[in-house]
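In what follows, every chain begins at residue 1, and chains take the letters A, B, ... in the order their sequences are listed.
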Amino acid sequence: MNDNFNQPYNPFETEKKIYKKWENSGYFNPDNLLIPKSSKLKAKSFCVIMPPPNANGSLHLGHALMTALEDIMIRYKRMRGFKTLWLPGADHAGFETQVVYEKKLEKEGKSRFQIPREKLWQEIWDFTQANKVVMEEQLKRLGASCDWSRKKFTLDKDIIEKTQDTFIQMYKEGLIYRGNRLVNWCVKHQTGLSELETKHEERTDSLYYIKYGPITVATVRPETIFGDTAVAVNPKDKRYKNLIGKEIEVDIAVGKINLKVIADKIVDIEFGTGAVKVTPAHDQADFEIWQRHKDEIDGPKEVIDKFGKIDLKDYFPKNEIYEKLQGLKVLEARKVIVEELQKRGLIEKIDNNYKHDVSLCYKCSNILEPRLMSQWFVKMDTLAKPAIKTVEKGEIKFIPARFKKVYFHWLKNIRDWNISRQIVWGIPIPAWFCKDCGEIIVSKEKPDKCEKCNRTNIEQDKDVFDTWFSSGQWPFLTLGYESPSKSKIKNQKSKLTDYEKFYPTDVMETGWDILFFWVARMIMLGLYRAGKIPFKHVYLHGLVRDKDKQKMSKSKGNVIDPLGLVNEYGADALRMALIIGNTPGNDLAFSEEKVRGYRNFANKIWQASRFVLMNTEHADLRKPSSRLTQIRLTAHDKKRLKEFENLKKSVTKEMDSFKFYIAGEKIYHYFWHTFADKIIEENKERLKSENLTDRQTAQFVLLEILTGSLKLLHPFMPFITEEIYQNLPDKKSEFLMIGEW
RNA sequence: GGGCGAUUAGCUCAGUUGGUUAGAGCGUCUCGUUUACACCGAGAAGGCCGGGGGUUCGAAUCCCUCAUCGCCCACCA
């Protein structure tokens, strides 16, 4: 018995040692993998692009789940003889990271608005680089068998350039336009957001009924009346029939304005008074009403500034009321204007129990202020159609399949995508503006002069891309996609590129919560730019919750650090706890007890292996010739071996259909309750036997099943299985990691 | 307002196209110091498979309906 087998099993030292060995072996890199001669699969490839974790903190349990799932797929395919690539990376995560960094600054009593652009950018760069190092170490501790030689960052030079190329190409083809539209503006973070970055919450507010001359309108936002440009009613509403098309004089305290009454079918006759004030600059629905009635009514009048404060200077002369309101925040202004209107007897009634939804910033939960801004938009309908089709045709499969419906619904109702962000942390938009004539020039390099007026007063768009615009291109960018013209020249003679070998990738494994943010956009952008789907399968895992099914959050104090668990119980145990009983698409109730249970299992594997090896090391099983002559399998032995073969088949089947939670449980159950509890027990007598044949037959059976079991277990519990394999008397390959399944 | 999911043992969940007495882990209880393992072994208790109706020789599984919970989407001021 060799000294390596201390007990109980100690994962801490073993796991670090084993990972180093793997890493030094080079077998994480598919280029170094030899395809076994016996494999019928030849040089088939298998590729998973890791969802790049945000480089703004350390890994949480969700990342550990992602790592476990993907590593299982990768290790399984590698053992099945595929040229297997798992490509790691990290995401600069624009807005997310900037918010994290801002919070850090706030704690130090600083504000990002006081730091010059370039300096802030450099600070966040250093911050993310430091985080990347930590994250990579953590991935290694979890056993991730990814190819570090190919790791990518979303701000790598080539990624930035190719992201910008896509933008330029889309602009040229009319898929991207600059539009002056209402965007979701976060007053705190001072940036616009896409509709996916908003959340909705029900609020109880007051609904004010305000007299607009002969008409009474109902509104929750009386402070926007300064920006009114019309009153809308439903064309079928008899009450207002003779007012449609006429102008009415409205007293709005700060002055009097004339508003045209228009008919629009969006107005609900039943709601309120059936009449709506139209404020195109500060309400999405009103903006759209204006677009339908451009000829009849005035356009947007902005009376709220980017800080969420009232600004009347462009539209009203200074007077007493003006002075009271100017510069007030929205909610304060609301009080003041209501008071003033009440004084004038213009408030008909107030419903204080009005329930409605408000849009909030998904990060800070402040109410979003719709604001009129010039931004870059991606026209989505053209991109969405092929993305729908390819899933309908089954070229991309969802696991679980029900997410297809959610995907279709979103794509069929998709709205144009605002990709401009008013932050510093991100990929610069390759666009330039002529300060003299306003011409827009889309180009990576600064143009010498304006294409239109020939003057040289040119400045770059200060905005950066929505982070999902770059990560949406991740699969083909990380694999080194080159546009066809370039790649032709380059590869006439040379070997296949990664892109040619691995794209489309095989599986995209990620959380269902970013189905729209990321998965849908990768499909659209992959089809658009590379002309091919980015992946064949989408495996969506759920959220890791605490044992009471509560969402883990810092404020609740129920966050569990995966590395703490790795240190205490080992990565193998943590991986099992995350995988078993966890079906795709469903959230997981996670508890430390579960990890402890699988730590016990790891020890079980250790002890059983120890027993088998203790009883075989002097058996001289190393020489096949002696083995063959001394072994006589009984009917029962054959039954046991057959039983294992059946297990292997069934586990293989589950692995191939992405049912890792079942595969893992089957092998777990077999190893503990069949191999350890039954097979070892029933062979103890024979191991003590005087009869050499009996003894060696028992040794053979135990060793055979142990080795096979280690293989089946390896994708799930890579460390302990490799460590034991290294101590086996006759191992066929250098590592279990590249052993034949 | 649309849509999705869930409801199975005390807890967390499986149950693949309908097919014997419905499974696992954890927990509970009883027994056991058999030299691989107490991070263990042997055994046990525990379920009108949310309610109601239907299809079927047969339903946890298919259909309808109701209830409760969770989630996503949506420009009703």
Exercise. Could you say whether A:Pro8 or A:Lys355 is positioned toward the 5' end of RNA chain B, judged by the nucleotide with the nearest heavy atom to each?
Key: A:Pro8
Self-check item: Touch class at under 4.0 angstrom, heavy-atom based, for A:Val267 against every strand present
Solution: base
Self-check item: Integer angstrom distance from the C1' of B:rG47 to that of B:rU28
Solution: 16 Å
Quiz item: Does A:Lys604 make a cation-pi contact with A:Tyr668, if we ask for NZ or CZ under 6.0 Å from the ring centre and within 45° of the axis?
Solution: no
Quiz item: Is a side-chain donor-acceptor pair under 3.5 Å present for A:Asn418 with A:Ser194?
Solution: no
Exercise. With P as the reference atom in both, quote the distance from B:rA6 to B:rC62 in angstrom, rounded to an integer.
Key: 10 Å
Practice problem: Decide side chain to side chain donor-acceptor pair (under 3.5 Å) for A:Tyr76 and A:Asp656; before the verdict, give the C-alpha distance in whole Å, the side-chain angles of both, and the deciding distance to 0.1 Å. | Solution: CA-CA 9 Å; A:Tyr76 170 65; A:Asp656 285 334; 2.8 Å; yes
Exercise. Check each of A:His282, A:Lys335, A:Arg334 against A:Glu223 using the side chain to side chain donor-acceptor pair (under 3.5 Å) test, and report the only one that passes.
Key: A:Arg334
Exercise. Indicate whether OP1 or OP2 belonging to B:rC73 is found under 4.0 Å from a side-chain N or O atom of A:Lys412.
Key: no
Practice problem: Tell me what A:Asp677 touches on the nucleic acid: a base, only sugar-phosphate, or nothing, going by heavy atoms under 4.0 Å. | Solution: sugar-phosphate
Quiz prompt | A:Tyr598-A:Tyr569 aromatic ring centre distance below 6.0 Å | solution = no
Quiz item: Cut-off 3.5 Å, side chains only: do A:Thr216 and A:Glu348 have a donor facing an acceptor?
Solution: yes
Quiz item: How far does the P atom of B:rA9 sit from the matching atom of B:rG2, given to the nearest Å?
Solution: 32 Å
Quiz item: Considering Watson-Crick and G-U wobble pairs with both distances under 3.5 Å, what does B:rG70 pair with?
Solution: B:rC4
Quiz item: Which nucleotides of nucleotides 3-14 of chain B have their base under 4.0 Å from a protein heavy atom (B), which only their sugar-phosphate (S), and which neither (-), written as one string 5' to 3'?
Solution: --S------SSS
Exercise. For nucleotides B:rG70 and B:rG52, find the distance between their C1' atoms and express it as a whole number of Å.
Key: 24 Å
Quiz item: For A:Ile679 and A:Asn683, which heavy atoms make the closest approach, and how far apart are they?
Solution: O-ND2, 2.9 Å
Quiz item: Within this structure, what is the CD1-to-C1' distance between A:Ile720 and B:rC39, rounded to whole angstrom?
Solution: 11 Å
Exercise. For A:Asp268 and for A:Thr198, locate the closest nucleotide of RNA chain B by heavy-atom distance; then report the residue assigned to the nucleotide nearer the 5' terminus.
Key: A:Thr198
Quiz prompt | Aromatic contact, A:Tyr354 with A:Phe271 (centres under 6.0 Å) | solution = yes
Quiz prompt | Base partner of B:rU61, which must satisfy Watson-Crick or wobble distances under 3.5 Å | solution = none
Quiz item: Roughly how far apart, to the nearest Å, are B:rU21 and B:rA59 at atom P?
Solution: 11 Å
Self-check item: Shortest non-hydrogen contact from A:Ala573 toward A:Val595
Solution: CB-O, 3.7 Å
Quiz item: Taking atom P in both B:rG5 and B:rU65, what distance in whole Å separates the two?
Solution: 15 Å
Exercise. Looking at every strand, decide which applies to A:Arg545 at a 4.0 Å heavy-atom threshold: base, sugar-phosphate, or nothing.
Key: nothing
Quiz prompt | Distance, C1' atom - from B:rA22 to B:rU16, rounded to whole angstrom | solution = 15 Å
Quiz item: With rounding to whole Å, what would you report as the distance between B:rU7 and B:rG50 at their C1' atoms?
Solution: 6 Å
Exercise. Whole angstrom is fine here: how far is it from CG in A:Leu703 over to C1' in B:rA36?
Key: 15 Å
Quiz item: Looking for any heavy atom pair under 4.0 Å, which part of the strands does A:Ala275 touch: base, sugar-phosphate only, or nothing?
Solution: nothing
Practice problem: Tell me which nucleotide among B:rA74, B:rA36, B:rA77 gets nearest to the side chain of A:His200. | Solution: B:rA74
Practice problem: Check step by step if side-chain contact (heavy atoms from CB on, under 4.5 Å) holds for A:Thr14 and A:Phe719. | Solution: CA-CA 7 Å; A:Thr14 308; A:Phe719 289 109; 5.5 Å; no
Self-check item: Nucleotide B:rA77, atom C1' - distance to CD1 of A:Ile225 in whole Å
Solution: 14 Å
Quiz prompt | Base B:rA42 to side chain A:Glu681, donor-acceptor N/O within 3.5 Å cut-off | solution = no
Practice problem: Look through every strand shown and name the nucleotide pairing with B:rA44 as Watson-Crick or G-U wobble, where both distances are under 3.5 Å. | Solution: B:rU28
Quiz prompt | Counterpart base for B:rG23, defined by Watson-Crick or G-U wobble contacts under 3.5 Å | solution = B:rC13
Quiz prompt | Touch class at under 4.0 angstrom, heavy-atom based, for A:Ile266 against every strand present | solution = base
Quiz item: What is the distance from CG of A:Leu515 to C1' of B:rC71, rounded to the nearest Å?
Solution: 13 Å
Quiz item: Is there a side-chain polar atom (N or O) of A:His673 under 4.0 Å from OP1 or OP2 of B:rC40?
Solution: no
Practice problem: Report which part of the nucleic acid A:Tyr598 touches: base, sugar-phosphate, or nothing (heavy-atom distance under 4.0 Å, all strands). | Solution: nothing
Quiz item: Can you tell me the Watson-Crick or wobble partner of B:rU34, both distances under 3.5 angstrom?
Solution: none
Self-check item: side-chain N/O A:Asn600 vs B:rC40 OP1/OP2, d < 4.0 Å
Solution: yes
Self-check item: Any A:Arg596 side-chain N or O less than 4.0 Å from OP1/OP2 of B:rG25
Solution: no
